[in-house]
Amino acid sequence: MSEVHKKGLNAQLVWEDLQNCCISEAACGQCQGEACIIGFAKECIKEYQKKPQKEVPNGTERIPTMDYKAFDEVELEIAIAHILKECKDCKEDHVEDCIINVIRNCYEVGLFGDVQTYEGSTLQYLMKVQADFPEKSIKIAEAYRE
C-alpha cells in the first residue's frame, strides 16, 4: 500500500487537468467536494502531493459514480490522454486502487457515464474505448500522441 510509483507521477499536470475539467462553483452553485468526480480526484491528488503513495485506500469504491453533471468533453478527453501517459503499463501488476487508475476512472464517469475496464495496458484500453466510443476514442488517441 505504501509503495511509490516507480517512475513517479506528474502531479502538477494532473492538477492542471483537474482544474481545466472543473466546471466551477458558478455552474454548480457551490463546490460539492468529494461528491463530485473532479472534486474527489482533486482530493486524491492533494493527498498524493502530501504523501506520494501508489494506491488510494478504497479509491475505486469511493468514486462518486452517480455524479451526472455535464463536463467539457474536450477537457476530459485531454485529461484521459494525459493520465494514460502517466500510466506505467503494469499489466498483471495492475491494481484498481492505483492513483492513476482512480483518477482516470473519475474522468471516465464524466466522459462516458461510467468507469471503463482497464487491465494494465494502455494499448488494450485504447482499443476497447475505440470499440465502445469511436468518436471520443479518436480525440483521446490524438491527444495521447501529442
Side-chain angles (χ1 to χ4, degrees), residues 1-23 28 31-146:
M1 181 78 98
S2 64
E3 182 181 343
V4 175
H5 271 293
K6 292 179 177 108
K7 293 187 201 172
L9 170 65
N10 186 342
Q12 184 60 40
L13 174 65
V14 173
W15 181 258
E16 289 169 10
D17 284 340
L18 289 167
Q19 290 292 90
N20 292 338
C21 290
C22 181
I23 57 176
C28 293
C31 182
Q32 298 172 358
E34 289 190 25
C36 165
I37 55 169
I38 300 303
F40 176 72
K42 282 180 175 181
E43 289 304 313
C44 291
I45 203 67
K46 283 180 192 175
E47 286 301 313
Y48 179 85
Q49 288 171 319
K50 289 180 199 170
K51 187 174 181 182
Q53 293 187 351
K54 182 178 178 178
E55 294 181 43
V56 176
N58 302 311
T60 53
E61 293 172 18
R62 297 177 21 225
I63 296 170
T65 56
M66 301 306 281
D67 183 8
Y68 293 115
K69 286 191 290 304
F71 294 91
D72 184 322
E73 288 190 7
V74 172
E75 292 298 339
L76 288 169
E77 291 161 350
I78 292 168
I80 288 173
H82 287 169
I83 203 75
L84 287 172
K85 286 182 180 181
E86 294 298 309
C87 181
K88 310 310 175 213
D89 276 329
C90 51
K91 303 194 181 18
E92 63 276 348
D93 293 330
H94 171 72
V95 291
E96 289 297 306
D97 287 335
C98 166
I99 187 165
I100 293 170
N101 191 66
V102 170
I103 292 172
R104 193 194 64 258
N105 287 166
C106 290
Y107 295 146
E108 292 166 347
V109 171
L111 185 61
F112 306 124
D114 204 358
V115 170
Q116 302 301 301
T117 305
Y118 189 85
E119 297 177 5
S121 167
T122 300
L123 181 59
Q124 283 180 324
Y125 174 82
L126 288 170
M127 290 187 328
K128 170 102 173 66
V129 169
Q130 182 181 21
D132 295 342
F133 305 96
E135 289 179 23
K136 293 175 184 173
S137 73
I138 291 168
K139 294 173 185 167
I140 293 168
E142 286 173 358
Y144 182 78
R145 283 191 294 266
E146 290 178 2

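Residues forming a salt bridge (Lys or Arg N to Asp or Glu O under 4.0 Å) with Asp72 (at least two apart in sequence, or on another chain): none.
The nearest pair of heavy atoms linking Ala41 to Leu18 is CB-CD2, 3.5 Å. Across Ile38 and Cys21, no two heavy atoms sit closer than the pair CD1-CB, 3.7 Å. Heavy-atom minimum distance, Cys44 versus Val102: SG-CG1, 4.1 Å. The shortest heavy-atom contact between Gln116 and Asn105 is O-ND2, 4.1 Å. Taking every heavy atom of both residues into account, Gly110 and Leu76 meet most closely at C-CD1, 3.4 Å. For the residue pair Cys36 and Asp67, the shortest heavy atom distance occurs at CA-OD2, 3.2 Å.
Considering only heavy atoms from C-beta on, Asn101 stays 4.5 Å or farther from Val95 through its side chain. In this structure, the side chains of Leu9 and Ile99 come closer than 4.5 Å at one or more pairs of heavy atoms. Between Ile83 and Asp17, every side-chain heavy-atom pair lies at or beyond the 4.5 Å cut-off. In this structure, the side chains of Lys42 and Gln19 come closer than 4.5 Å at one or more pairs of heavy atoms. At least one side-chain heavy atom of Lys88 sits less than 4.5 Å from a side-chain heavy atom of Ile100. Under the 4.5 Å side-chain criterion, counting only non-hydrogen atoms from C-beta, Val56 is in contact with Arg62. In this structure the side chain of Thr117 never reaches within 4.5 angstrom of the side chain of Tyr125, judged on heavy atoms.
Judged as a ring-ring contact (aromatic ring centres under 6.0 Å, His included), the pairs with a partner in residues 69-101 (not counting sequence neighbours) are, in order, His94-Tyr118. Sequence neighbours left out, the pairs with a member in residues 129-144 that pass side-chain hydrogen bond (donor to acceptor under 3.5 Å, both in side chains) are Lys128-Asp132.
Just one residue in the list Val129, Leu126, Leu111 forms a side chain to side chain contact (heavy atoms under 4.5 Å, CB included) with Ile80, and that residue is Leu111.
Atoms CD1 and CZ, on Ile45 and Phe40 in that order, are 11.5 Å from each other to the nearest 0.5 Å. To the nearest 0.5 Å, atom CG of residue Asn58 and atom CG of residue Asp97 are 6.0 Å apart. With values rounded to the nearest 0.5 angstrom, Phe133 atom CZ is found 11.5 Å from Glu77 atom CD. Taking CZ of Arg104 as the reference point, atom SG of Cys98 lies at 8.5 Å (rounded to 0.5 Å).
Within the 3.5 Å criterion, the main-chain N or O of Gln32 finds no donor-acceptor partner in the side chain of Glu34. Lys51 places no side-chain N or O within donor-acceptor distance of the main-chain N or O of Gln49, the cut-off being under 3.5 Å. A donor-acceptor contact shorter than 3.5 Å links the side chain of Glu86 to the backbone of Asn10. With Asn20 contributing its side chain and Glu75 its backbone, the two residues share no donor-acceptor pair below 3.5 Å. The backbone N or O of Thr122 sits less than 3.5 Å from a side-chain atom of Asp89, completing a donor-acceptor pair.
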